Number of protein chains: 2
Amino acid sequence: MSRRSGILEFAVLGLLRESPMHGYELRKRLNTSLGVFRAFSYGSLYPCLKTLVQRGWLVEETSGQPEAESGTAQPAPLGGRRARIVYRLTAEGKEHFEDLLSQTGPDAWEDEHFGIRFAFFGQTSRDVRMRVLEGRRSRLEERLARMRASLARTRERLDDYTLELQRHGMESVEREVRWLSELIESERSGGRRSRPTEHESADPAHGAPGPSEDTDK
Amino acid sequence: MSRRSGILEFAVLGLLRESPMHGYELRKRLNTSLGVFRAFSYGSLYPCLKTLVQRGWLVEETSGQPEAESGTAQPAPLGGRRARIVYRLTAEGKEHFEDLLSQTGPDAWEDEHFGIRFAFFGQTSRDVRMRVLEGRRSRLEERLARMRASLARTRERLDDYTLELQRHGMESVEREVRWLSELIESERSGGRRSRPTEHESADPAHGAPGPSEDTDK
DNA sequence: GTTAGCATGTAAGGAGTTACATGATTTT
DNA sequence: AAAATCATGTAACTCCTTACATGCTAAC
């Protein structure tokens, strides 16, 4: 029970790996650095932090003030700002996160997970990065094939708007495939390339967040 | 209570408006015509159908065979294929769906709803279409502005991959904005992508899409 | 004669949201 | 002194999925 996949959990561990933080700050980071995609609410964040503590991946540190010289450790931070609970990644937590980072199962390139995986590519080994990028690409290519097939079958019967929606959807996926191909190429040839900086012109652009999910099971 | 948003419900009513269908077929249509986005499972579809029947928006028709001349109506369709339950939209259901179609609240242009709304644009009046398209566009423009602001603030501190992710995300949104602009232009000038025809007096008097929620509060 | 696809469901649960509740601190 | 924003949490609920359970019919 409790497979706890949760992209929130992953993101929290990843952010705390960089530095300890309290909930409120964490939430803001989730919605800027990573949160291009999703905005998480406190209603999910705080409970998540609790369970991570229970599993020993995080520890709470009730810090009244940064430089509290007073002997009394946790209970009464009377004097500083409201007792903020700072969460710090434990050694086990770090280990666990690295396990997660190294996983290359199909989950890693599903719509919901791919973004967050990519966001932590800086912490990910090259071969894992490659597998994830390639996995995602072939995922999207499959999807594209299905879309084309289905479109070919039903084209006549669809009205203009439905057609336009399909067309736009496919274009978005095609774009993302091209983007992935560029990234893969760039990884293959040694990485860290300074991208062809903005010329504001015909840059071979990239994909859209094609609304999610697959057709069939 | 019971805000009953549910994009599934909307999609089911919309598809059944075209013609009656049984669950299995419905599910397939959801995953081809509309389902570029999402694949719904039977586990949500069948219960949804049930509740729609309870509300009087659908009626079940247990049809053993198309031309069952036999007097016994429902109970025993022994002879045809397995008793498929065909769902038909009632007058009330139709009315309800048209109510939904005419709604132009912020929900209509949220990520999850916009796709399905667009898919039924063929059934939607022009002014509603315009409001939804413009609402969506200004939604995305807000988002873009926030992304740019946040990027400007944090650019230095982000690693290459995070940066690339942000860049790609923004580009996708920009693309969708352009797409919407084209559609809006095309709607304004009389529709069906033929010719540019007359534009009416440039009055942007649309029910202004207010600054709506996303990241922070 | 067995696999593949048609067809309908239910129970449990996952992953998150909203609304509520509370209070401190900073800015206006 | 009011408003914004910082900060933490809980309970109820939503919407959907997975896994299970069942059985028929068509094709190989």
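No experiment lies behind these values; they were computed from the predicted model shown. The chains referred to below are lettered A, B, ... by the order of the sequence lines, with proteins before strands, and numbering in each begins at 1.
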What is the distance, rounded to the nearest whole Å, between atom CD of A/E112 and atom P of D/dC15? 19 Å
Does CZ in A/R88 sit with more than 12 non-hydrogen atoms of other residues, nucleotides or ligands closer than 6.0 Å? no
Under 3.5 Å, side chain of A/S181 to main-chain N/O of A/V177, donor-acceptor pair present? yes
What residue among B/W109, B/F10, B/W179 forms ring pair (Phe, Tyr, Trp, His ring centres under 6.0 Å) with B/F118? B/W179
Taken to the nearest 0.5 Å, the spacing of A/R143 CZ from A/M170 CE works out to 13.0 Å
Rounded to the nearest Å, what distance is computed from the CZ atom of residue B/F40 to the P atom of nucleotide D/dT14? 17 Å
Nearest of D/dC6, C/dT10, D/dA7 to any side-chain atom of A/K28? D/dC6
Can you tell me if the side-chain N/O atoms of A/S44 get under 4.0 Å from OP1 or OP2 in C/dT17? yes
Under-4.0 Å side-chain N/O to phosphate OP1/OP2 contact, A/S41 with C/dT17: yes
Phosphate oxygens OP1/OP2 of D/dT8: is one of them under 4.0 Å from a side-chain N or O of A/Y46? yes
Starting at CZ of A/R84 and ending at P of D/dT8, how long is that distance when rounded to a whole Å? 8 Å
Select base, sugar-phosphate, or nothing to describe what A/G23 touches, counting heavy atoms under 4.0 Å on all strands. sugar-phosphate
Starting from P on D/dT5, measure out to CD on A/E25 and report it in whole angstrom. 17 Å
Interatomic distance, B/Y42 OH vs C/dA12 P [rounded to whole Å]: 23 Å
So, for B/F97 and B/F120, is the gap between ring centers shorter than 6.0 Å? yes
Closest listed nucleotide, where the reference is the side chain of B/I7 and the choices are D/dC16, C/dG9, C/dA7: D/dC16
Can you tell me how far C1' of C/dT17 sits from CG of A/N31, to the nearest Å? 13 Å
More 5' along DNA chain C: B/H22 or B/P47, using each one's nearest nucleotide? B/H22
Taking atom P of C/dG9 as reference, at what distance in whole Å does atom CD1 of B/I85 sit? 4 Å
If I take atom OH in residue B/Y24 and atom P in nucleotide C/dT8, what distance separates them, rounded to the nearest angstrom? 9 Å
